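Protein chains get the first letters and strands the later ones, always in sequence-line order, with residue 1 at the start of each. Since this is a predicted model, take the numbers as computed values, not measurements. Atoms considered below: every heavy atom in the structure, side chains included; atoms not considered: hydrogens, waters and symmetry mates.
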There are 4 protein chains.
Amino acid sequence: MTIAMARPEALRSDAQRNRTALLDVARTFVDRGEPALLNAVAHEAGVGVGTAYRHFPSQQHLLEALAIDALEDMLDQVRDAVVLPDAADALRGVVTAAFRSMVDDAALGDLLTNGGFSCADTAALAGDLVVSVDALLARGRTEGIVRTDIDADDLRRLLCGLREAAVAGGTRVSDPERYVEILLAGLRPTNRPTP
Amino acid sequence: MTIAMARPEALRSDAQRNRTALLDVARTFVDRGEPALLNAVAHEAGVGVGTAYRHFPSQQHLLEALAIDALEDMLDQVRDAVVLPDAADALRGVVTAAFRSMVDDAALGDLLTNGGFSCADTAALAGDLVVSVDALLARGRTEGIVRTDIDADDLRRLLCGLREAAVAGGTRVSDPERYVEILLAGLRPTNRPTP
Amino acid sequence: MTIAMARPEALRSDAQRNRTALLDVARTFVDRGEPALLNAVAHEAGVGVGTAYRHFPSQQHLLEALAIDALEDMLDQVRDAVVLPDAADALRGVVTAAFRSMVDDAALGDLLTNGGFSCADTAALAGDLVVSVDALLARGRTEGIVRTDIDADDLRRLLCGLREAAVAGGTRVSDPERYVEILLAGLRPTNRPTP
Amino acid sequence: MTIAMARPEALRSDAQRNRTALLDVARTFVDRGEPALLNAVAHEAGVGVGTAYRHFPSQQHLLEALAIDALEDMLDQVRDAVVLPDAADALRGVVTAAFRSMVDDAALGDLLTNGGFSCADTAALAGDLVVSVDALLARGRTEGIVRTDIDADDLRRLLCGLREAAVAGGTRVSDPERYVEILLAGLRPTNRPTP
DNA sequence: CATGAATGAGAGTTCATTCAT
DNA sequence: TATGAATGAACTCTCATTCAT
């Protein structure tokens, strides 16, 4: 029994073709806000259900495969941000980018909201993300630019909640950037004006 | 065809008994985070399915019946707040109380999050709520204690998102009050310190 | 236990009022081609379901109550026809009138089509109708103006079928009278021209 | 979305086995005059409900699958009849055969009576049938052996009505052929004896 | 007698997952 | 390895009839 991977080893070329087709179709589903039912995705991709299940044992696996690149980008961004000269800029950059990604990519948003990773690689990525975000927050706390009672999981929750606020009910709010500003302002330590 | 009401006229005593039993059971479902399936609720309440459907034509009606009291309390609170001497206190009180209610009562939280009212009385209540919240925000804007780019629907969305943040995944975050503080701080006009 | 009657004895005035209201509403249902569900009829008549069931123990009883006058008219017409001077005119008159009644009155048409009387009086009426129609046909056979292999039940079936033909699918055929002409022509003995 | 077909492409052997089993059971239902409920048919065929729904998305589809062969036979017969030397023989043959088929095969009878085709192939067949029957009637009119006010839809209605007359109430009338003779005689132009 | 709440079997349908081909 | 047919539990909803009030 192999551990599931959202990003698999090298595949035979036909398998790779199927996998890509499935992901492409699944993407259209989540972009429309519809659940990526394996059967429906398989059918629309012109592939047997069994094949779909071989590649993605559950909807969750499919979701993680859809989101893993974005998750990795997010990790890179946080790691870059940790070493930025200005801590406030770093945090602002990370929060803004994360929010945008989650609003634009329902797969990523859903994944971070619901958790419960099924693939070893996405789970590991998520773990690394927590570590890096904690580092970022630690620095922010040290420099006094962020509340001291917030950890990485709080930030994840707040971002997921904010994304819900922005896209809930299938309608995207106008100018979602306002919501990031609100979060960023709210994250600063109390009684401390914007620099 | 009578228009559905979440809070019906006086009921015959047996009907009232069943209705209460259904609502009690439904409450345990939503409190556990489970969907209040009409059949399951009916069965557990020791009542025929048909009876459940007579009282609540759909899960949505059931949800609204579960939430209407809390919704009304919320409206009262907002109306009281509008005439409070201090606008900042008023807003803080409303946001705090609303957040607590939604976190404690999943029915209320789900209702405000998903919208789509089926009962005339809950829909009316929700409409009144928007009016009152807009009044509250207008006053806040006038007095310069709240961002000018936020309306009642934004506040609803933000509160629903914050509640998601606090209770998502079936686990309630520790000390949810922190999240309200974040939101309240974020709602203040930029570059303006807490008084 | 009383035997059911489509046309009951004298009723208390309030009972009579309810009965009439139920029948009036039921008539609108069958005229629209909808089944006269006891619950729906009762509700629309502003009467309790129990009351509806007291007056009409089943949809069938309701149907018979709706049709009994027309059935009686039909019987009168046949009895009158039997003693008419011209047998061909008599048959033509009966067939034409019966067809028209059944096309115009879905309750009557359905009753004669499905049989299975639940009320003693409608059943008796139907029995009398068979007797009279057989007399009419006997005379017709004697005078050589009608096929010899047709009895009253055949004629009922043929008329019901013809009505189905005319109104099937909720769409009434244009000029239904053509269909009566076809039946009348078909009923004449073979090889015998219209006089 | 594939368009439904009453007669599918080549099936995998297991699918073919199930399909046949379902159709066999469904046949017994309609022959008993009972509605072919998908669930009941599936159960009696020893097959999951889902399988029944895969093969036949609705009762209507099932009905059309049951009737398509007979419908095709009927079309062949009409097309053959159109080119027969004697127009009267042609019409007689078609009417007689159609009536027999509908009386013997409740699926066919119900299909033609209720219309509302769900499968592309049966709908096409029905359309072709109208065309061919109209051709047959046109020739009959030209040769003066059929009433001029009857078109293909009238003939369909009359045949469906006649079949109702013959089999209504679950009891089949004795010697149904008499009814065809009546219809055939009735279809001839008025005042014109049988040749 | 009137009322209308309650009943519950059953119809119709969907979908995640398995497994024969 | 790919295919797609099969599965059946689960769910929503209806309606004819009964019975407590």
Side-chain angles (χ1 to χ4, degrees), chain A residues 11-12 14-15 17-19 22 35-43 45-60 62, chain B residues 8 11-19 21-22 35-43 45-60, chain C residues 11-15 17-19 35-43 46-60 62, chain D residues 8 11-19 21-22 35-43 45-59:
Chain A
L11 256 38
R12 250 172 46 184
D14 56 340
R17 198 164 43 240
N18 283 339
R19 189 167 197 280
L22 287 164
L37 303 184
L38 269 295
N39 269 296
V41 171
H43 184 250
V47 147
V49 217
T51 305
Y53 270 84
R54 163 173 303 274
H55 285 287
F56 310 106
S58 76
Q59 243 190 82
Q60 178 66 22
L62 179 51
Chain B
L11 288 178
R12 232 169 63 181
S13 68
D14 55 343
Q16 183 56 58
R17 196 166 40 231
N18 284 333
R19 188 166 200 279
L22 287 164
L37 304 181
L38 269 299
N39 270 343
V41 171
H43 183 252
V47 148
V49 218
T51 305
Y53 272 86
R54 160 180 288 269
H55 285 287
F56 310 106
S58 76
Q59 242 190 80
Q60 179 65 21
Chain C
L11 255 41
R12 249 171 49 183
S13 69
D14 56 341
R17 196 166 43 240
N18 284 339
R19 190 169 196 278
L37 303 185
L38 269 295
N39 269 295
V41 171
H43 184 250
V47 148
V49 218
T51 307
Y53 270 84
R54 164 173 302 276
H55 285 287
F56 310 105
S58 77
Q59 244 189 80
Q60 178 65 22
L62 180 50
Chain D
L11 290 176
R12 232 169 63 181
S13 67
D14 56 343
Q16 183 56 58
R17 195 166 43 235
N18 284 334
R19 188 166 201 280
L22 287 164
L37 305 182
L38 269 298
N39 273 298
V41 170
H43 182 252
V47 147
V49 221
T51 305
Y53 271 86
R54 161 179 287 269
H55 284 286
F56 310 106
S58 75
Q59 243 191 81

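When all heavy atoms of B/Leu22 and B/Ala45 are compared, the closest pair comes out as CD2-CB, 4.0 Å. The minimum heavy-atom distance between D/His55 and D/Ala15, with the atom names listed, is CE1-O, 3.5 Å. Taking all atoms of both residues into account, the shortest heavy-atom contact from C/Leu38 to C/Phe56 is CD1-O, 3.7 Å. Heavy-atom minimum distance, D/Ala52 versus D/Val47: N-CG1, 4.2 Å. Counting all heavy atoms, side chain and backbone alike, D/Pro35 lies closest to D/Gln59 at CB-OE1, 4.0 Å.
Put simply, OG on D/Ser58 and OH on D/Tyr53 are 8.5 Å apart, with the number rounded to the nearest 0.5 Å.
In this structure, the CG atom of A/Leu62 is 13 Å from the C1' atom of E/dA16, given to the nearest Å. Atom NE2 in C/His43 sits roughly 16 Å away from atom C1' in F/dT14 (whole-Å rounding). Whole-Å rounding puts the B/Leu38 CG to F/dT14 C1' distance at 13 Å. Atom CG of A/Asn39 and atom P of F/dG8 are 16 Å apart (whole Å). Taking atom CZ of residue D/Arg17 and atom P of nucleotide E/dA20, one finds them 12 Å apart after rounding to whole Å. Atom CZ in C/Phe56 sits roughly 16 Å away from atom P in F/dA16 (whole-Å rounding). Note: CD (C/Gln60) to P (F/dT17) measures 11 Å, nearest angstrom. The CG atom of B/Asp14 sits 6 Å away from the C1' atom of E/dA5 (whole-angstrom rounding).
Toward the 5' end of DNA chain E, the nearer of the two residues D/Pro57 and D/Ser13, judged by each one's closest nucleotide, is D/Pro57. Nearer the 5' end of DNA chain F, as judged by each residue's closest nucleotide, is the contact made by A/Val47, out of A/Val47 and C/Ser58. Residues A/Val49 and C/Gly46 both approach DNA chain E. Their nearest nucleotides, taken by heavy-atom distance, put C/Gly46 toward the 5′ side. Each of D/Ala52 and B/Leu37 lies near DNA chain F, and the nucleotide nearest D/Ala52 is the one positioned closer to the 5' end.
A/Thr51 has a side-chain polar atom (N or O) that falls below the 4.0 Å cut-off from OP1 or OP2 of F/dT3. Side-chain N/O atoms of C/Arg54 include one lying less than 4.0 angstrom from OP1 or OP2 on E/dA2. At F/dA6, one or more side-chain N or O atoms of D/His55 fall inside 4.0 Å of OP1 or OP2 (strictly under the cut-off). For the OP1/OP2 pair of F/dA6 and a distance below 4.0 Å, the side-chain nitrogens and oxygens of D/Asn18 include at least one atom meeting the criterion.
When each of F/dT3, F/dT17, F/dA2 is scored by its nearest atom to the side-chain atoms of A/Ala15, the top-ranked nucleotide is F/dA2.
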Legend entry - Dot-bracket pairing map - DNA chain E, Watson-Crick plus G-U, both contacts under 3.5 Å, | cross-strand: .||||||||||||||||||||
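Residues satisfying the salt bridge (Lys or Arg N to Asp or Glu O under 4.0 Å) criterion with D/Arg12, sequence neighbours excluded, are D/Asp14.
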